[in-house]
Amino acid sequence: MKILIADDSRVMRQIVVRTLRQAGFGDHDLIEAANGQEAFDMVNSESPDLVLSDWNMPEMTGIEVLKKLRAAGNDVKFGFVTSESTPEMKEQADSAGALFFIVKPFSAERFDEVFAPILG
Amino acid sequence: MSIEVEVNENDLAEMVEQVWESYLDPEGVSPLIPTYDENQPSEVHSSVSITGSWTGYVVYASSVAAARRAAGAFLAMEPDEVGDEDLSDVLGELANIVGGNVKAMLPPGALLSLPQVVLAPEATARFPGTQRISGVYGMWEGEPVSISMWHSRGDNKEGAE
């Protein structure tokens, strides 16, 4: 499976990659985007199977990326890995069609719990 | 309307502990030891602003050595291999994580900014029109680290003084 990790922080992308490996999902094809616009473009050009997106990013926020993808008819599996989590954000994410909402700081156990059903 | 301090020092300390457990000290061998010294020095800092239902800043500040150690832990490299860009990224992410967790405890309707990183002491960037409402000050392997919250006074025109 191809997994796109979208986060404007290089450090956080690295941590997400490392945590995916620790949780046993390191053998998937991992690609990275450094802002919302890049994430949107890469979903179209790279056709990932799953997107792990930060919420707060330059160019386009994660929720804007998701809404724009859905508006364009793209059904890629999409969820958030974010330091921000309020009930209204979770609600927005749910209603936009997000599959999961992982709050930073996160653990390999949390990744396993969320991604095992999705990635098998 | 009076200042509602929605996030107290214990809340902040709990968030900081989670960051240490998850990223900076996963083995549980080098925790942040509280000093309660709000005047302890810093050499670098990062901040996020929160605006809306609560307006102010969350600031992460430390020595360069502590920032290098944090970057080393985040990036799985030795502290002496860490460059300025690594330092900036890690400091920004630390402010972002704590700021995001703070925001989650505030009343709905707050916006979190992208982090600002300054490779200079916190004292060079006094946040105008703000007052410190809480902070966690400590030593991490002998190096100063602090996480503090600054509330904008303009947010509380009726209850001040």
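In what follows, chains carry the letters A, B, and so on, assigned in the order in which the sequence lines appear, proteins first and then strands, with residues in each chain numbered from 1.
- Hydrophobic clustering (side-chain heavy atoms under 4.5 Å, transitive across Ile, Leu, Val, Met, Phe, Trp, Tyr) groups B/Leu87 together with B/Val90.
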Can you give each donor-acceptor pair under 3.5 Å made by side-chain atoms of residues 4-11 of chain A, sequence neighbours left out, with the distance rounded to 0.1 Å?
| residue | atom | partner | partner atom | Å |
| --- | --- | --- | --- | --- |
| A/Asp7 | OD1 | A/Ser9 | N | 2.9 |
| A/Asp7 | OD2 | A/Lys104 | NZ | 3.1 |
| A/Ser9 | OG | A/Val11 | N | 3.4 |
| A/Ser9 | OG | A/Met12 | N | 3.0 |
| A/Ser9 | OG | B/Glu93 | OE1 | 3.1 |
| A/Arg10 | NE | B/Asp89 | OD2 | 3.1 |
| A/Arg10 | NH1 | B/Asp86 | OD1 | 3.3 |
| A/Arg10 | NH2 | B/Asp86 | OD1 | 2.5 |
| A/Arg10 | NH2 | B/Asp89 | OD2 | 3.4 |

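- The candidate with the highest count of non-hydrogen atom pairs below 4.5 Å against chain A, out of B/Leu106, B/Leu112, B/Val19, B/Val102, is B/Leu112.
- Contact of B/Tyr23 with chain A is made through the side chain alone, with heavy-atom distances under 4.5 Å.
- Heavy-atom contacts from other residues, nucleotides or ligands closer than 6.0 Å to CD of A/Glu113 number more than 12.
- A 6.0 Å sphere centred on CD of B/Gln116 holds no more than 12 heavy atoms belonging to other residues, nucleotides or ligands.
- Each of B/Met105, B/Glu85, B/Met15, B/Glu21 has some count of heavy-atom pairs under 4.5 Å with chain A, and the biggest count is that of B/Glu85.
- Scanning both residues, A/Ser83 and B/Asn96, for their nearest heavy atoms gives OG-O, 3.0 Å.
- For chain A, the nearby part of B/Ala73 is the backbone; its heavy atoms alone come within less than 4.5 Å.
- For A/Ser85, the parts lying near chain B are the backbone and the side chain together; criterion is any non-hydrogen pair under 4.5 Å.
- Expressed to the nearest 0.5 Å, how far CG of B/Leu75 lies from CD1 of A/Ile15 amounts to 7.0 Å.
- Looking at A/Phe106 and B/Ser22, their side chains never come closer than 4.5 Å, going by heavy atoms from C-beta outward.
- Of all non-hydrogen atoms in A/Arg18 and B/Ala76, the two that sit nearest each other are NH2-N, 3.5 Å.
- Residues A/Asn56 and B/Ser113 form no side-chain contact, since every pair of their non-hydrogen atoms from C-beta on lies 4.5 Å or further apart.
- Crowding of A/Glu91 atom CD: a count of heavy atoms from other residues, nucleotides or ligands under 6.0 Å not exceeding 12.
- Interface remark: A/Pro58 contributes backbone and side-chain atoms alike to the contact with chain B (heavy atom separation under 4.5 Å).
- Taking the ring-ring contact (aromatic ring centres under 6.0 Å, His included) definition, one finds that B/Tyr137 meets it with nothing, sequence neighbours left out.
- Expressed to the nearest 0.5 Å, how far CE of A/Met57 lies from CG of B/Leu114 amounts to 10.0 Å.
- Under the 4.5 Å side-chain heavy-atom criterion for ILVMFWY residues, a single connected hydrophobic cluster contains both A/Met1 and A/Phe115.
- Under the 4.5 Å side-chain heavy-atom criterion for Ile, Leu, Val, Met, Phe, Trp and Tyr, A/Val103 and B/Leu94 are members of distinct hydrophobic clusters.
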